[in-house]
Amino acid sequence: MTPTALGLLLAPLQPASIHDSCLSSKFYGIYNHGDATTRSLYLGDLECLTSFDVSGGDAALAGYTPSPDDVLAWVYQAPASEELLSSHPPFPRALDTFIYQISPKGDYDDSNQLPLESTSDRALLYRSDTSALVYVNREIARRLDTLIPPMWKSALLPSSPIASYPVPTDAVKRIKHITSSLKFSPDIAATVNSISIPQMRNDIRFLTGEDGKSGIVSRHSFADGSRVAAAWLKDRFEETGAHCTLKAFSQGFAPNVICRYNADVKTNATIILGAHYDSRGSFGNTRAPGGDDDGSGTISLLSIARTIASKKVKFHTNVELVAFAGEEQGLVGSRAYARELRAAGANVTMMIQADMLAYRAPNEPLQLGLPESIGTPAVVQLVSNVSALYSPELTVGFTKACCSDHQSFHEQGFASTQVFERAGWIADPMYHNSGDVSDREGYDFEQVKAIAKVQFATVLHVAGFTTSG
Ligand SMILES: *[C@@H]1O[C@H](CO)[C@@H](O)[C@H](O)[C@H]1NC(C)=O
Ligand SMILES: *[C@@H]1O[C@H](CO)[C@@H](O)[C@H](O)[C@H]1NC(C)=O
Ligand SMILES: *[C@@H]1O[C@H](CO)[C@@H](O)[C@H](O)[C@H]1NC(C)=O
Ligand SMILES: [Zn+2]
C-alpha cells in the first residue's frame, strides 16, 4: 500500500462544531495564525478535507507524504509590539533562513547562499505572513526553539490527532453563579494581602540563577537546570503542606510538578492554578533565565503556597498548583496532564494559567491582561471582577498574547483562562533571551503580587475555605 498524501486544513472553527464529520478524527490543536487570530488545524486525507465546506478556511495542500521520522511543527510570530518586532528581520525573510537551516542536508549545493525559492520549500508545508507549518527530523525537533528568533514561538504537533471537548454548559453555569454572588470578603483580603514580596524576590533569584547558589543557567526542558528547578519546587511546595509528584510526560523532558492540597470535605471537585517553569533562549543561546517567562508565574504559585501555609488555609475543594514543563515546545506537559485528567473523568471546576506577570513598560500602570481568544469567557469575567475587589491597583484589559498551558485545558473541555502582565501585545524587550532576569528595569514585583492576589482570591472564592493563621 502506498502511504496517502496528507492534506491540511486551517479553519476558524471550534472543534465542537465538527463533532459528527470526518474532521473530528483529524484535529491537531489550535494554533496562533498571525495577527493574533487562531485556527484549528486538521490533517488527513484530502477527500475529507476538501469535502468540508468552511468559509474562512485556509490551505488544502496536496502531496506531502510523511516519513516515520518526521515531526510537524507550527512556528509563528509572537503577538509582540511593533517596537519589539521592528528590531528583528521581518517574518517572511527570517522564515526563508530558518527553512534553509532545517532542510535535510543534500538539498542544496554547498555555496553557502540562501536557497532559491524553488528549493526553500523543502521542509515547508504551509506559510502565511506570520506563521508556517514545517516538518523536521526528531533531532531538530528537540532543539527547534534554539533555531528560531526570540520573537517566534514554535509548537510541535502531537504525533496523533487529539480528541477535543467543548466546556459543558453546566461548568460555565457554576462559574457564572459564583460571579453573580461575588462579595468582598475582608478575610480573603487579609489573606491575599499577606503575600510577601521579599520572599518572591528570593524565589525568583534561585530560579533564574541570579542568586549565584542554584547554579541554574537555563530551565529549558532538556537542560540540567530544569531538573534542579523541578526538585527545588517540589520541596518548597511540600513545605507548605502540599502533596507533590514529579510527573514525567515525554522522554527527555523535565517533569511536571503537580502539587495538591486535599479538600477538608468529601468532594472530587478540583481547581487548578498553573504556570510553566521551563524557559527558552533563542539562536543557540544557552543562558535562559526565564525571569518573566515564566519564572514570574512560577513564583506567583509559590507565593500562594507559602501564604496557604502561613495563614493555615483549608480549602473546601481540592486545589492543585501545577508547574508545567515543555510549554516552550508547544504545551507538551500541560497537554499530557489535561488529557490524563479528561481520561480519568476528573471534575475540574476551573484552571487559571499565569504566564508572564512581571514586566511593566515605562509610564504604564500596573496591569492585568486577560486573553481575547483562548479560554472560557465566564472565567475571564470572574477573574476580572475579583481583580476589581482585591487588586484595585490593577488596570484590567484584554491581550492578544495567547496560547499558554490553559489552552490544553480548554481543548479538553475544562473552564479556563490565563493571567498576563498587560493589555495588548507582548512588550518585554527581554522576551526569550538571556537578559530575562529579575534584577532589571521594568521587572515589577508589585505587579506580580497584585496579580497573584487575584489568582489566590479567585481560588478562595470558588473553593470555599477556612483560615486559622
Ligand atoms: C463536581 O463537583 C461538584 C462540586 O462538588 C459537584 O456538584 C458535581 O456533581 C461534580 N461533577 C462531577 C461530574 O463529578
Ligand atoms: C465525583 O463525585 C460525584 C458526586 O458528587 C459523582 O457523581 C462522580 O461520579 C464523581 N466522579 C468521579 C470521577 O469520581
Ligand atoms: C462584574 O463586572 C462587571 C463589569 O465588567 C459589572 O457589570 C458587574 O456588576 C460585576 N459584578 C459584580 C458581582 O461585581
Ligand atoms: Zn511563557
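Small disclaimer: the values here were computed from a predicted structure and weren't measured. The figures that follow rest on heavy atoms only: side chains count, while hydrogens, waters and symmetry mates do not. Counting convention: from 1, in listed order, for ligands and their atoms alike.
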Sidechain N-carboxylate O distance under 4.0 Å for Glu421, Arg360: no
Less than 3.5 Å apart, N/O on ligand 1 and N/O on the protein: could you list those pairs with the distances?
| from | atom 1 | to | atom 2 | distance (Å) |
| --- | --- | --- | --- | --- |
| ligand 1 | 2 (O) | Asn347 | ND2 | 2.3 |
| ligand 1 | 5 (O) | Thr267 | OG1 | 3.2 |
| ligand 1 | 11 (N) | Asn347 | ND2 | 2.9 |
| ligand 1 | 14 (O) | Asn347 | ND2 | 3.2 |

Other residues, nucleotides, ligands: >12 heavy atoms within 6.0 Å of Glu441 CD: no
Geometric cation-pi criterion Arg342 and Tyr165, 6.0 Å radius, 45° cone: yes
For Met151 against Leu84, the heavy-atom pair lying closest together: CE-CD1, 3.9 Å
salt_bridge(Arg236, Glu239) N-O dist < 4.0 Å: yes
Residue and atom, protein N/O/S, under 2.8 Å of the Zn ion (ligand 4): His276 NE2, Asp293 OD1, Asp355 OD1, Asp355 OD2
Parallel, tilted or perpendicular: ring planes of Trp152 versus Phe98, cut at 30 and 60 degrees: perpendicular
Glu327/Arg280 ion pair, N-O < 4.0 Å: no
Closest non-hydrogen atom pair between Ala288 and Ser279, with its separation: O-OG, 2.8 Å
Check: Phe465 ring centre within less than 6.0 Å of Phe315 ring centre: no
